[in-house]
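Below: one structure, written as structure tokens.
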Amino acid sequence: MHRRDVFTLLFKSSSFDEPIVMEPNPVISAPVHLCTDGTVSTYREWTAFPADGRFTHDVVPDYGFSIHFHFVYSKAIKNVGLLVGLKAKQEQSAEPVKVGLDVDGCLFIGPHKTERKLPAEQLIGDMKLIMEISPRENDKAFVKLKILDNGGLTLSTLKTDSFKMTDFSGDIGLLEQSYGGGKAVKWSFLKIEGRKLENN
Amino acid sequence: MNRREFVRTTSLTAAALTILPEKTLFANYAGEKVKIAMIGVGLRGQNHLALLLKRDDVDVVAICDVDARMLDMAKAMITKSGKPMPKVFTGDNNAWKKMLQIKDLKSVLIATPWEWHKPMIIGSLEAGLKYVATEVMLGITLQDHWDVVQAAEKHDAQVMMLENVCYRRDVLAVLNMVRQGLFGEITHLQGGYQHDLREVKFNDGVKPYGGGVEFNEKGFSEARWRTNHSVHRNGDLYPTHGIGPVAQCININRGNRFLKLSSFATQSRGLHKYIVDHGGENHPNAKVKFRLGDIVTTTIQCANGETIILQHDTNSPRPYSLGFRVQGTNGLWMDLNKSVYVEGQSKPHQWDSAKEWLEKYDHPLWKKYGNDAQGAGHGGMDFFVVHAFIESVKRGTPTPLDVYDAAAWSAITPLSEQSIELGNETIDFPDFTSGKWMTRQAVFALNDDY
Ligand SMILES: NC(=O)c1ccc[n+]([C@@H]2O[C@H](COP(=O)([O-])OP(=O)(O)OC[C@H]3O[C@@H](n4cnc5c(N)ncnc54)[C@H](O)[C@@H]3O)[C@@H](O)[C@H]2O)c1
């Protein structure tokens with residue numbers, strides 16, 4: 001039905017003097033930072049350490065990705081979490097971003113920290129850290145980190161837009177690299193999910 | 001005070017009152033009768049009791065309650081029905097545990113305050129009962145919901161939450177329309193619990209509705225326990241009447257699931273205002289700080305793309321409405337303005353009165369049992385939910401509403417509380433089916449059976 005007819009019907013008028021204006025051109029292409037042509041979804045998961053301690057994957061960070069990390073909290077470990085964006089050996093000047101849960105029960109992403117301190121009695125059993133990184137225009141990133149308890153209840157979240165997507169390109173490592181010794185972070189599952197190049 | 005006097009002195013709404021026709025259902029039933037016990041014979045329990053007493057395929061073998069007045073009311077109903085008096089268990093809060101030891105007991109119906117549901121369900125399963133019906137709200141915390149799901153799985157037993165609104169006549173007719181593709185692919189749904197409960201949350205300790213501003217020990221019926229939740233909690237405290245019906249339309253836990261939610265609460269004003277208006281500024285309860293926002297709005301995203309808006313609105317003056325809306329690519333139903341619109345069949349951009357559509361698509365269950373349901377609580381729908389439970393027990397089949405439905409619907413409460421607590425954060429929904437939602441098939445109200 002033509003919108004003029006709708007107007008007539010709604011306002012019970014027989015004629016009206018609406019000027020004829022061209023409709024604007026529709027937006028037909030997605031903004032560059034959301035364009036995923038030539039890519040397909042992919043994921044990799046680990047339940048044991050790779051030999052070199054680096055979780056290497058084929059996710060292209062530019063298109064956004066998420067990381068799921070399941071661990072058992074222990075006060076003995078200072079900070080539980082991940083290094084995201086471990087660069088190749090030759091360009092190690094760029095530091096990876098540290099994300100996780102600190103000894104006070106606060107979530108952190110680099111220098112950012114939640115004010116909310118989770119009490120130790122809420123951190124029992126298998127805990128889950130979920131990090132979602134979504135692209136914004138001009139290489140900017142929107143990062144959300146959350147922690148879920150054993151039953152899947154979100155206990156706390158932290159968001160920031162102060163990083164660039166390139167900060168997260170690279171492998172993933174574990175914080176507190178003492179995983180060989182007695183103070184090891186007990187973790188059971190790590191997954192990275194995102195998009196890879198179609199012909200890769 | 002006998003029941004009749006009691007009813008006369010209260011302002012029970014016609015909808016909630018059970019005035020069943022004298023006719024007995026399933027008269028001369030020759031099969032094995034369903035032995036059922038009841039925990040909680042308060043006002044809701046008495047509704048269910050009336051329905052069970054009408055059935056010749058059911059033996060109410062025991063009842064349990066801690067309130068002498070409620071027990072007297074229940075006993076008077078039983079005497080009047082001419083059925084044998086069941087064993088009565090009372091005395092303390094754990095009397096129900098002794099009742100569950102009754103030999104050959106198959107099933108139990110729980111109609112107690114919310115905080116008792118989880119221990120009573122799990123206690124029944126541990127006592128070996130294979131069929132447990134519980135009034136709405138499976139538990140309080142998210143962990144409660146997991147505990148019940150895991151107990152039902154462990155004991156291979158059926159836990160059915162008596163979500164009666166799923167059986168409302170218009171709701172079932174609309175489900176029928178959805179299943180026949182009238183609205184196209186469903187994209188958006190709305191529902192809620194929009195019910196002025198101020199006279200339920202406060203009374204004079206004698207009448208169940210209004211007459212005073214007392215609650216907790218000084219209140220009667222729901223004012224005794226429900227109001228306290230409004231003092232301490234802020235979230236959608238009663239989501240199942242709104243979510244149950246819409247969940248059926250989009251096959252939640254059966255090919256679809258809730259993924260995330262976020263909740264928003266208004267300021268809390270209505271309950272305090274009611275106390276001041278009816279009890280005066282100097283009434284001790286005027287000092288109580290209520291946490292529950294007057295209107296709590298929750299948005300849910302589902303795995304197949306649909307969105308749902310739920311509202312909990314119990315502290316303000318307003319006529320009752322569950323505010324249903326079921327919308328698809330081809331049209332929609334809106335409960336509030338009693339309208340349907342179907343592209344190609346309705347006049348463009350104009351609402352049709354829902355009446356003709358609802359009559360045309362009346363559900364086979366209502367066509368078959370509409371007369372039997374007449375007079376049962378809440379416009380007849382209470383008949384169907386009890387009927388479905390009893391038929392499942394008789395036939396040894398899974399209940400049409402199961403523990404996964406109950407958990408997913410009722411877990412909206414702790415999840416919405418957490419969302420509000422975290423500043424309206426979007427909260428992930430746990431998958432109580434542990435992946436089985438992908439392959440489970442729809443079973444609810446597929447025909448005119450039960
Ligand atoms: N589906 C519906 O339409 C609908 C309508 C009303 C109530 N309900 C639900 O029904 C349940 C009961 O509500 P109600 O209105 O009957 O409340 P009520 O207060 O009138 O009845 C609850 C009964 O449980 C008894 N009880 C409490 N603790 C007990 C214990 N440890 N052992 C045995 N009995 C115990 C109380 O003495 C009381 O008689 C609630 O879950 C409520 O949400 C559902």
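Hydrogens, waters and symmetry mates are skipped; everything else that's a heavy atom, side chains included, is used.
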Next item on the list: Please flag which part of A:L148 lies under 4.5 Å from any non-hydrogen atom of chain B: side chain, backbone, both or neither.
Entry: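 Side chain only.
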
Atom group of [X] that falls short of 4.5 Å from chain A, counting heavy atoms:
X	value
B:L422	side chain
B:K347	neither
B:T426	both

Would you confirm whether [X], through its side chain, and [Y], through its main-chain N or O, come within 3.5 Å as a donor-acceptor pair?
X	Y	answer
A:T114	A:L107	yes
B:T141	B:D144	yes
B:R325	B:M334	no

Item checked: Residue selection (most heavy-atom pairs with chain A, distance under 4.5 Å) from B:L142, B:L415, B:D431 ->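 Maximum pair count with chain A is reached by B:L142.
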
Notebook entry, point to check: Heavy-atom distance under 4.5 Å between the side chains of B:H229 and B:L292, does that happen here?
Noted result: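 No, every pair of side-chain atoms sits at 4.5 Å or beyond.
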
Next item on the list: Report yes if some heavy atom in the side chain of B:L332 is under 4.5 Å from a heavy atom in the side chain of B:V326; otherwise report no.
Entry: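 A side-chain contact is absent here, since even the closest heavy-atom pair is not under 4.5 Å.
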
